[in-house]
Amino acid sequence: MLKIGGYTFASRLFLGTGKYADARTQKEAVQASGTEVLTFAVRRMNLFDESQPDPFESMDLSGFRLLPNTAGAKTAEEAVRIAHIAAAADMCDMIKVEVIGCDKTLLPDPVETIKASETLLGEGYTVLAYTSDDVVLARRLQDLGVHAVMPGAAPIGTGLGIINPYNLSHIVEQADVPVIVDAGIGSPKDAAQAMELGADGILLNTAVSGAGNPVKMAEAMNYALEAGKLGYEAGRIEKKYYAQASSPTEGLSRL
Amino acid sequence: MELIINGTPRDIPEDRKTVGSLVEHLQLGGKKAVVERNGTIIKKEKHDEEPVQDGDTFEIVHFVGGG
């Protein structure tokens, strides 16, 4: 079981809800993924434009834990404001702190992320901090008291997979809170790799919503997380430079 | 009266004197919207007592898909 603050989850996959082609695909993908946590962003309502329907109108969200993010925030103040809005909508007290510091890479601003996390922890939120794969920053965040660190595998939406497995494994090794790999996952291989490195969970969105068949990909991700987690627990073999036969080398029958 | 709603000036009937009646006018009933008046969140249970005045700035936000 994955435990974050006061919340417990059987599934280790958190699914983003952005960029699906249609509501039905999204609903089926969510089911296929086995996820218990759906993430959301906060935006202005299109009050005077009927052509923009509520994307969640057709979904029954009662079985899910809803995790609002602070996406769109570029400062700690903006992130805190979004967290307050989410709280006013009675979602839950979990908040994914995401403060972007670079428009090109969408990498998080470490200073503002720390500031926002500190404020929201002080106000009693369960804070999941989206961070880069910086080992020291992840430790600083957990020292602050965040309930989970969310290092990016690669920049948001790139699907590049884990570009720095070395850093990620150090983040996992030093962690005393759950590590949820967030952003940059492209394929089930990447998800399995993150779990094999010892991650506690994965948050992904585009890898599923942008896949050729999002429903199949959602199912594949579910399996990949399971496989990676089991593999991590089992303990992989050492890598060797030279071949070592799997079959006995003695008692060979000669022709 | 004129209100700034989500960044755009809007002409709203004078009889919309509370946040609750404004929300009703905008047909938001039942939607999971959050209302900010002049930068302060107005909680749902306070909608019917909080006033709306000419020149007020409202931000009305909700949840959309995101990762």
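Order of the sequence lines sets the chain letters (A, B, ...), proteins ahead of strands, with each chain counted from 1.
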What part of B/Ile41 is in contact with chain A, defined as an atom under 4.5 angstrom from a non-hydrogen atom: side chain, backbone, both or neither?
side chain
Under-4.0 Å salt bridge between A/Lys74 and A/Glu112
no
What option among B/Asn6, B/Val35, B/Thr8, B/Leu26 has the most heavy-atom pairs under 4.5 Å with chain A?
B/Asn6
Under a 4.5 Å heavy-atom cut-off, does chain B meet the side chain of A/Ile85, its backbone, both or neither?
both
Please classify the contact between A/Ala183 and chain B as side chain, backbone, both or neither, with a heavy-atom cut-off of under 4.5 Å.
neither
Is any NZ, NE, NH1 or NH2 atom of the basic residue among A/Glu77 and A/Arg81 found under 4.0 Å from an Asp or Glu carboxylate oxygen of the other?
no
In terms of heavy-atom contacts, A/Ala71 and A/Ile82 come closest through O-CD1, 4.0 Å
Mark yes or no for whether B/Arg10, through its side chain, and B/Leu3, through its backbone, hold a donor-acceptor pair below 3.5 Å.
no
Taking A/Gly18, A/Ser209, A/Gly16 one by one, which has the highest count of heavy-atom pairs under 4.5 Å against chain B?
A/Gly18
State whether a side-chain donor-acceptor pair under 3.5 Å links A/Asp134 with A/Ser132.
no
Of the backbone (N, CA, C, O) and the side chain (C-beta and beyond), which part of B/Val61 lies under 4.5 Å from a heavy atom of chain A, both, or neither?
both
Hey, is the main chain of A/Ile162 close enough, under 3.5 Å, to the side chain of A/Asp190 for a donor-acceptor pair?
no
CG of B/Asp15 to CG of B/Leu22, rounded to nearest 0.5 Å, is 10.5 Å
Under 4.5 Å to a heavy atom of chain A? For B/Ile42 that would be neither
Only one of A/Asp182, A/Asn69, A/Thr39 forms a side-chain hydrogen bond (donor to acceptor under 3.5 Å, both in side chains) with A/Lys96, so which one is it?
A/Asp182
Suppose a student defines contact as a heavy atom less than 4.5 Å from any heavy atom of chain A. Which residues in residues 47-56 of chain B would they list?
none
Give a yes or no answer on whether the side chain of A/Arg12 reaches the backbone of A/Asp200 with a donor-acceptor pair at less than 3.5 Å.
yes
